[in-house]
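No experiment lies behind these values; they were computed from the predicted model shown. Reckoned from all heavy atoms, side chains included, excluding hydrogens, waters and symmetry mates.
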Amino acid sequence: MQTITIYTDGACSGNPGPGGWGAVLMAGQHRKEASGGEAMTTNQRMELTAVIEALKLLKVTGHPVKVYSDSAYVVNAFNQHWIENWRRNGWINSKKDPVANRELWEDLWGLTRKNEVTFHKVKGHAGDEHNERCDFLARQGLKEHGGERGD
């Protein structure tokens, strides 16, 4: 089975404020870009939304999927098993508080069950071609929803 590679990024002007997200999906010679945004959101919500929307675009199941993100929030939730602990503890985090953005985490969890999804951290704004493209797409989504810049 062919590995699908996904790069994602989120941006927000103010936190909360207008936000945008971008994603680049690649498999073999195929490439797809997607972006969007919201008028009032947070950076963490846009980081999550980028991954969710990218995974929703997949028309296959059971494939290896590598997701690359500069968001430690997203990557660590899976690689350090936070999300499994949150689910087991009724969506309560280690500080005994309700998990922020629970509905997005639940959506993302469900989408990751359809394929063999792994998460990989990339350094943001460090010259990675695909991460830079996602940043551009996220900032475009941000501008379209009332923001001037992306953080």
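Here OH of Y68 is found 12.5 Å from CZ of F119. Values are rounded to the nearest 0.5 Å. Note that CG of L57 is 10.5 Å distant from CG of L111, once rounded to the nearest 0.5 Å. Between the CZ atom of R45 and the CD atom of E103 there is a distance of 4.5 Å, given to the nearest 0.5 Å. Atom-to-atom distance recorded for D107:CG and K56:NZ is 6.0 Å, nearest 0.5 angstrom. To the nearest 0.5 Å, atoms CD (E53) and CG (L25) are separated by 11.0 Å.
A donor-acceptor contact shorter than 3.5 Å links the side chain of N93 to the backbone of K95. No donor-acceptor pair under 3.5 Å is formed between the side chain of D70 and the backbone N or O of V122. Checking side-chain atoms of D135 against main-chain N and O of N131 turns up no donor-acceptor pair under 3.5 Å. Between the N15 side chain and the N43 main chain, a donor and an acceptor come within less than 3.5 Å of each other. Within the 3.5 Å criterion, the main-chain N or O of S71 finds no donor-acceptor partner in the side chain of E47. Within the 3.5 Å criterion, the main-chain N or O of G141 finds a donor-acceptor partner in the side chain of H145. Panel note: side chain D128, backbone H130; a donor-acceptor pair is recorded below 3.5 Å.
For the pair R88 and W86, the cation-pi criterion (under 6.0 Å, within 45° of the ring axis) is not fulfilled.
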Stepwise salt bridge (charged side-chain N to carboxylate O under 4.0 Å, His left out) test for R133 and E129: CA-CA 6 Å; R133 181 63 183 163; E129 170 190 356; over 6 Å; no
Test side-chain contact (heavy atoms from CB on, under 4.5 Å) applied to T3 and H63, step by step: CA-CA 7 Å; T3 299; H63 281 252; over 6 Å; no
Could you please spell out the steps behind the side-chain contact (heavy atoms from CB on, under 4.5 Å) verdict for N101 and Q44? CA-CA 8 Å; N101 305 309; Q44 290 181 336; 4.1 Å; yes
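Summarising the local packing, NZ of K121 is surrounded by more than 12 heavy atoms from other residues, nucleotides or ligands at distances under 6.0 Å.
Using a 4.5 Å cut-off on side-chain heavy atoms (C-beta onward), P18 and E38 make no contact. At least one side-chain heavy atom of L137 sits less than 4.5 Å from a side-chain heavy atom of E33.
The hydrophobic cluster containing W21 does not contain L104, counting ILVMFWY residues as joined when their side-chain heavy atoms lie under 4.5 angstrom apart, directly or transitively. Cluster annotation: V60 and V24 are assigned to distinct hydrophobic clusters (Ile/Leu/Val/Met/Phe/Trp/Tyr, side-chain heavy-atom contacts under 4.5 Å, transitive). Under a hydrophobic-cluster definition in which Ile, Leu, Val, Met, Phe, Trp and Tyr are linked whenever side-chain heavy atoms come within less than 4.5 Å, directly or via other members, I52 and I6 are assigned to the same cluster. Under the 4.5 Å side-chain heavy-atom criterion for ILVMFWY residues, a single connected hydrophobic cluster contains both V75 and L48.
Here W82 and Y73 keep their ring centres 6.0 angstrom or further from each other.
Checked by atom type, the side-chain pair T118/H120 shows a donor-acceptor distance below 3.5 Å.
The aromatic rings of W109 and F78 lie parallel to each other, their planes meeting at an angle below 30°, with 60° marking the opposite boundary.
With salt bridges taken as basic N to acidic carboxylate O contacts below 4.0 Å, none links R87 and E84.
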